[in-house]
Visitor: 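Got a structure for you, written out below as structure tokens; questions coming shortly.
Numbers for residues simply follow the sequence, beginning at 1.
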Amino acid sequence: MDKSWIGKPRDTPEYVAGIQIFLDFAFSNTRFGDKIQCPCCKCRNVLLQDRVNANSHLLWHGIMSTYTIWTRHGEDIYENEISSDEEISSDESMVGDDMHGMLEDVFRMSNNDYVEDNESNEPSPNEPNKEAQKFYELLKDAETELYPGCTKYSKLSFLVRLLNLKCLNGWSNKSLDMLLELLKDAFPLDEMFPKNHYESKRILQDLGLDYDKIDACPNDCILYRKEYEKVDKCVICGESRWKSIAPQSTAVDCTSSTKETKIARKVLRHFPLKPRLQRLFMSSKSAEDMRWHSSGRTKDGILRHPADFKAWKSLDEKYPSFGSEPRNVILGLASDGFTPFNFMGHLFNQIEVLAKELLLRTSSIPLPLDHKFRQNMRSFNGSKELRPPPKSLTGDDVVGQLCDYEQIIFGKAIKDKDGNKRKRNDYHLPKNWKKKSIFFQLPYWKDLLLQHNLDVMHIEKNVCDSVVDTLLSIKGTKDNENTRHDLKVMRIREQLHLKPTTVEGKYLMPPACYTKSLPEKRAFCECLKEVKVPDSYSSNISRCVQVKECKISGLKSHDCHVLLQQFLPIAIHGLLPKDVCLVLIELSTFFRQLCCKLASEAKVAGPVQYRWMYPIERYLRRLKSYAHNKNYPEGSIAEGYLAEECLTFCSRYLNGVETRFNRVERNNDGGDAKPQGKFSVFARTSRLLGAAV
């Protein structure tokens, strides 16, 4: 199609004829009834116009010079020969925000009925339902100018962009209120800015998905739903469902000292999964990605995607009708808890979070049969360890071991027949099981190759903390009086047995081979205090080290990862006996290999990096930042997540603005500097920094 007329003057015959060609093409592919998105320099594909108005706009204001690929009017972008991706992105950035497309994806209806209702003078016999009313109100906002004469932003597009900035940059509600107050004071009287954050959230709440509030027992025994929906007390522990408050003193005598209100003492906030999956398939921006694992990925036997691994393939083979559906979705669960506000000693309830992440398993790695530790009787329990590796259990094996045991009764205050608090060992579960997982009630759970994952991140952190605390003799370490008593009972390592003193009940703990003197501890801490790492390699570990007190505290999970694998072998050099250093160096090497050389586990579930909790932990940190209200941290976090979820979806339809999907990384090495030399280390472009630039 000839589009050379776009760059010609508006009074030439070629331009006038080109307008008619464009209008014929646009109205033959319109999805808005007898209107189209007007591409003139005033409307910029944001406002809808009929043919007469669109023709006059294009003659009077001219068509956007960069709009050479008519993607908003039915033209396929792949039918045109485009030299580079930059041309596509530059064109897309100039055509305005696709608010109409967003509304159609959310409500799955076009605005044909809306146009007809507005143009008809006859009242509609049937009032539109609630969903249609929401659609009509938002569509009206999408076509309303932000202020008289504003051609770039509608009321809805400006509001989406403003809240997108709030979520990206962590603005507080108060800061947004102050900004809106300034904008309303600076712009004309007929502007359409919302008054405050509450009003802006109310306008956009119909675009987002909601969550359900379910009352819960304060002791976590039951949820007040289904058969318990109208119950006022817990049927297990007897605790009241409602809060009790002291009445205010009045002239009328009160019959009781407290008054029961209808405010639940504990609330569970449930985010339904089905509507969120449906929205991903309904959105034109993400529907293709949801089918990519079936139709888009390369299937050549190389392990690139979780769909290439045995855990995914075995489920498809077990359930062929599910596996053959290109729109199938396989999810994983990652469960973790956190305390709001970083007050670890505060009595806040831990918030359980379920996130979408593949939950896979790392099997315990047995020592080789010829390993020297297997023959070392003196250093361990006094006997040789010649047993083969344990057999991996299938789902059917686990169900068989637990088939005669019922699910545990939930709740914190459950007591036995003698009135004592229930203990886990009251269940007498076999094979060292602590409980019967509720997930085995799902019909397909036993068929999964991977029901549970031992997280490398948490294991690595626990091991690192134990090693460092033992080396520094910090109180609470594993080397204590109880472990020394165990050595005596096992009749091994007599040199470490406790020595009685003249004081009854007191013992002298002989130093072990890894026990360090005070100067050695300070030398160890000074080595870590002087560590300097590149940006984003780890946090500033030196801030966690107290040389004088010989303490290391406040290490994050990733800090322990770096410390155990990289810095520990260097810090202990020359401070410990050779045999102790060799054990710690081998431990460090073991965890390094654990992250890159588990071939059998990788075939089943992918590399360790697909399965550890670092992405989840980082996301929990973001959820913590939403807890602004210390009285209601759970509600504050839920509302913050809901706003982020809504704006993340809306930002897919923004053009020419920074969003979560096109945000440049903090450490961006891309630039104009050309690679130097032939070595691979210099093969990437770089960004010049410093005063010499």
Side-chain angles (χ1 to χ4, degrees), residues 31-32 37-48 64 66-67 69-73 77 85-108 111 134-135 137-147 150-171 176 179-180 183 192-194 197 200-209 276 279-280 282-290 640-665 668:
R31 51 183 179 174
F32 302 115
Q37 293 171 275
C38 181
C40 73
C41 295
K42 178 182 179 181
C43 297
R44 303 183 65 82
N45 278 329
V46 175
L47 302 181
L48 296 179
M64 293 185 295
T66 57
Y67 190 50
I69 305 173
W70 300 336
T71 54
R72 294 294 187 272
H73 300 87
I77 192 173
D85 294 338
E86 287 76 8
E87 295 181 15
I88 300 175
S89 61
S90 64
D91 172 76
E92 290 291 328
S93 66
M94 298 296 293
V95 295
D97 302 330
D98 188 15
M99 294 294 101
H100 294 89
M102 178 184 69
L103 295 179
E104 289 184 19
D105 287 346
V106 172
F107 296 97
R108 270 302 164 195
N111 66 342
K134 294 177 182 178
F135 174 72
E137 291 175 1
L138 290 169
L139 188 61
K140 183 178 179 181
D141 290 337
E143 297 180 354
T144 302
E145 294 181 345
L146 183 60
Y147 57 85
C150 179
T151 60
K152 188 172 183 179
Y153 296 110
S154 65
K155 178 181 177 181
L156 181 61
S157 65
F158 175 80
L159 187 56
V160 170
R161 286 200 176 209
L162 184 64
L163 293 182
N164 177 60
L165 292 176
K166 178 183 183 297
C167 288
L168 280 183
N169 300 287
W171 295 354
L176 183 61
L179 176 61
L180 289 172
L183 292 175
M192 301 300 295
F193 297 120
H197 172 258
S200 63
K201 187 175 72 170
R202 182 179 58 80
I203 295 174
L204 288 186
Q205 65 182 0
D206 295 333
L207 288 175
L209 297 169
R276 286 161 170 82
R279 172 162 291 190
L280 291 174
M282 289 167 59
S283 173
S284 59
K285 307 294 184 179
S286 57
E288 185 177 355
D289 294 336
M290 295 297 292
Y641 169 77
L642 208 62
E644 180 193 6
E645 181 185 49
C646 175
L647 269 300
T648 300
F649 171 77
C650 294
S651 63
R652 294 177 180 269
Y653 301 85
L654 300 179
N655 293 307
V657 65
E658 182 178 310
T659 65
R660 293 196 183 278
F661 301 101
N662 61 8
R663 197 172 198 180
V664 180
E665 296 181 358
N668 179 28

Visitor: Roughly how far apart are Leu162 CG and Leu176 CG, rounded to 0.5 Å?
Guide: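 Rounded to the nearest 0.5 Å, the CG-CG separation comes to 5.0 Å.
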Visitor: Between the side chains of Arg660 and Glu644, is the shortest nitrogen-to-carboxylate-oxygen separation below 4.0 Å, so that they form an ion pair?
Guide: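 Between Arg660 and Glu644 there is a salt bridge, with a charged N closer than 4.0 Å to a carboxylate O.
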Visitor: If you measure only the distance, is there a donor-acceptor pair under 3.5 Å linking the side chains of Thr659 and Asn662?
Guide: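 Side chains of Thr659 and Asn662: pair found under 3.5 Å.
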Visitor: Roughly how far, to the nearest 0.5 Å, is OG of Ser200 from CD of Gln205?
Guide: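 Spacing of CD (Gln205) from OG (Ser200) equals 10.5 Å.
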Visitor: To the closest 0.5 Å, what do you measure between CE (Met99) and CD (Glu143)?
Guide: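 If we round to the nearest 0.5 Å, Met99:CE and Glu143:CD are 13.0 Å apart.
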Visitor: If you take all heavy atoms of Trp171 and Leu165, which pair is closest and at what distance?
Guide: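 Shortest heavy-atom separation between Trp171 and Leu165 comes out as CH2-CB, 3.9 Å.
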Visitor: Please list, chain by chain and in numerical order, all residues satisfying ring-ring contact (aromatic ring centres under 6.0 Å, His included) with His73, sequence neighbours excluded.
Guide: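 Testing His73 for ring-ring contact (aromatic ring centres under 6.0 Å, His included), a comparison that skips the adjacent residues, returns Phe22, Tyr67.
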Visitor: How about Tyr147 and Tyr153: are their ring centres within less than 6.0 Å of each other?
Guide: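 No; Tyr153 has its ring centre 6.0 Å or more from that of Tyr147.
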Visitor: Side chains of Ser157 and Ser154: any donor to acceptor distance under 3.5 Å?
Guide: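 Indeed, the side chains of Ser154 and Ser157 share at least one donor-acceptor pair under 3.5 Å.
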Visitor: Just by distance, no angles: are the side chains of Asp105 and Tyr653 close enough, under 3.5 Å, to form a donor-acceptor pair?
Guide: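 Looking only at side-chain atoms, Tyr653 and Asp105 do form a donor-acceptor pair, the distance falling under 3.5 Å.
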Visitor: Tell me if the CD atom of Glu288 is crowded by more than 12 foreign heavy atoms within 6.0 Å.
Guide: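 No, not enclosed.
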Visitor: Side chains of Ile203 and Lys155, heavy atoms from C-beta outward: is any pair under 4.5 Å?
Guide: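 They are in contact (side-chain heavy atoms under 4.5 Å apart), so the answer is yes.
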Visitor: Just verifying a value: how many Å separate Leu159 CG and Cys650 SG, rounded to the nearest 0.5 Å?
Guide: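 Nearest 0.5 Å value for the CG-SG distance: 9.0 Å.
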Visitor: So, do Val106 and Phe649 sit near enough that their side-chain heavy atoms are less than 4.5 Å apart?
Guide: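 Yes, close enough: below the 4.5 Å cut-off.
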Visitor: Measure the CG-CG distance between Leu168 and Leu163 for me, rounded to the nearest 0.5 Å.
Guide: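 Answer rounded to 0.5 Å: 11.0 Å.
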Visitor: For the residue pair Leu156 and Thr144, establish whether any side-chain heavy-atom pair is separated by less than 4.5 Å.
Guide: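 The answer is no, as the side chains (C-beta and beyond) never meet within the 4.5 Å cut-off.
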Visitor: Any side-chain to backbone donor/acceptor pair from Asp97 onto Asn655? Under 3.5 Å, distance only.
Guide: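 Side chain of Asp97 to backbone of Asn655: a pair is present.
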Visitor: Of all the heavy-atom pairs spanning Lys285 and Arg652, show the shortest one and how long it is.
Guide: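 Taking Lys285 first and Arg652 second, the nearest heavy atoms are CE-O, 3.7 Å.
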Visitor: What verdict does the side-chain contact (heavy atoms from CB on, under 4.5 Å) test give for Phe107 and Leu138, after you've listed the backbone C-alpha separation in whole Å, the side-chain angles of each residue and the deciding distance to 0.1 Å?
Guide: CA-CA 11 Å; Phe107 296 97; Leu138 290 169; 3.7 Å; yes
Visitor: Quick one: pull up CG in Leu642 and NZ in Lys201 and give me the separation to the nearest 0.5 Å.
Guide: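 NZ of Lys201 is found 8.5 Å from CG of Leu642.
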Visitor: Shortest non-hydrogen contact from Gly101 to Asp98?
Guide: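 In terms of heavy atoms, the two residues are closest at N-OD1, 2.9 Å.
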Visitor: I'd like to know if Glu645 pairs up with Arg276 as an ion pair, taking the criterion as any Lys NZ or Arg NE/NH1/NH2 lying under 4.0 Å from an Asp or Glu carboxylate oxygen.
Guide: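 Judged by the 4.0 Å cut-off on N to carboxylate O distance, Glu645 and Arg276 do form a salt bridge.
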Visitor: Any sub-3.5 Å donor-acceptor pair from Ser283's side-chain atoms to Arg279's backbone N or O?
Guide: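 Such a contact is absent between Ser283 side chain and Arg279 backbone.
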Visitor: Please check: side-chain N/O of Asn164 versus main-chain N/O of Val160, any donor-acceptor pairing under 3.5 Å?
Guide: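 Side chain of Asn164 to backbone of Val160, a donor-acceptor pair under 3.5 Å: no, none is there.
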